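This one's a predicted model, so the numbers in the text were calculated from it and none came from an experiment.
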Amino acid sequence: MEAEVVTNDDLERFAYEVGIRLEAARMTLGFRPAEMCELMGCARNTYTQYIRGDSQIASYRLKPIVTRGIPSDYLLFGIKAAVPGHLLEALEANEVQARIDRETPTNKGRRG
């Protein structure tokens, strides 16, 4: 069995999708971006790089989000099987909103 070849486009798409889901998680948890940065222990510009897909997020930064009920399987891969029912609808709606925000930024990515 041959290993699947991962291209730069694949890596960029992966980072983009993680960023969308990270923003959906932030909105679902009710955090402002500054609060999310504090929660994750990162600078605002680092968080912005994560949500724009310009930088891969370190897995240890996800722990505070996971402990609040949003599974890493969802954050990293979009797998919703383990997402608690009370969060699923909000995550899905916020994921749509994060995509809209990304495609039509009105304030250079800064909210709240």
With sequence neighbours excluded, residues passing salt bridge (Lys or Arg N to Asp or Glu O under 4.0 Å) with E35 | R32
Output yes when a side-chain donor or acceptor of R52 lies under 3.5 Å from a complementary backbone atom of G19, and no otherwise.
-> no
To the nearest 0.5 Å, what is the distance between CG (L75) and OG (S59)?
-> 11.5 Å
CD1 on I70 to OG1 on T28, rounded to 0.5 Å = 5.5 Å
Taking every non-hydrogen atom, the tightest pair across P84 and P71 | CD-CD, 4.3 Å
Only counting residues at least two apart or in another chain, list the ones meeting salt bridge (Lys or Arg N to Asp or Glu O under 4.0 Å) with K80.
-> E92
In chain order, what residues pass the salt bridge (Lys or Arg N to Asp or Glu O under 4.0 Å) check against R61, with sequence neighbours excluded?
-> none
Excluding sequence neighbours, so at least two apart, what forms side chain to side chain contact (heavy atoms under 4.5 Å, CB included) with N8?
-> L11
Partner of Y74 by side chain to side chain contact (heavy atoms under 4.5 Å, CB included), out of I65, V83, I79 | V83
Please report the shortest heavy-atom distance between A98 and A24, naming the atom on each side.
-> CB-N, 4.4 Å
Looking only at non-hydrogen atoms, find the nearest pair between L76 and R21 and report the distance.
-> O-NH2, 2.8 Å
Got a second to check how far E95's CD is from I100's CD1, nearest 0.5 Å?
-> 11.5 Å
Are any non-hydrogen side-chain atoms of R102 and I51 less than 4.5 angstrom apart?
-> yes
To the nearest 0.5 angstrom, please state how far the CD atom of E38 sits from the CZ atom of F31.
-> 9.5 Å
Should the pair E17-R99 be classified as a salt bridge under the 4.0 Å nitrogen-to-oxygen rule?
-> yes
Pairwise distance CE(M40) to OH(Y60) - rounded to 0.5 angstrom = 9.5 Å
Residues two or more places apart in sequence or in another chain: which of them pass side chain to side chain contact (heavy atoms under 4.5 Å, CB included) with Q49?
-> D54, S55
Do you see a donor-acceptor pair shorter than 3.5 Å between the side chains of Y50 and E23?
-> no
d(R13 CZ, T7 OG1) to nearest 0.5 Å is 12.0 Å
Do R26 side-chain atoms and L22 backbone N/O form a donor-acceptor pair below 3.5 Å?
-> no
Hydrophobic cluster (4.5 angstrom, side-chain heavy atoms) - remaining members for Y16 | I20
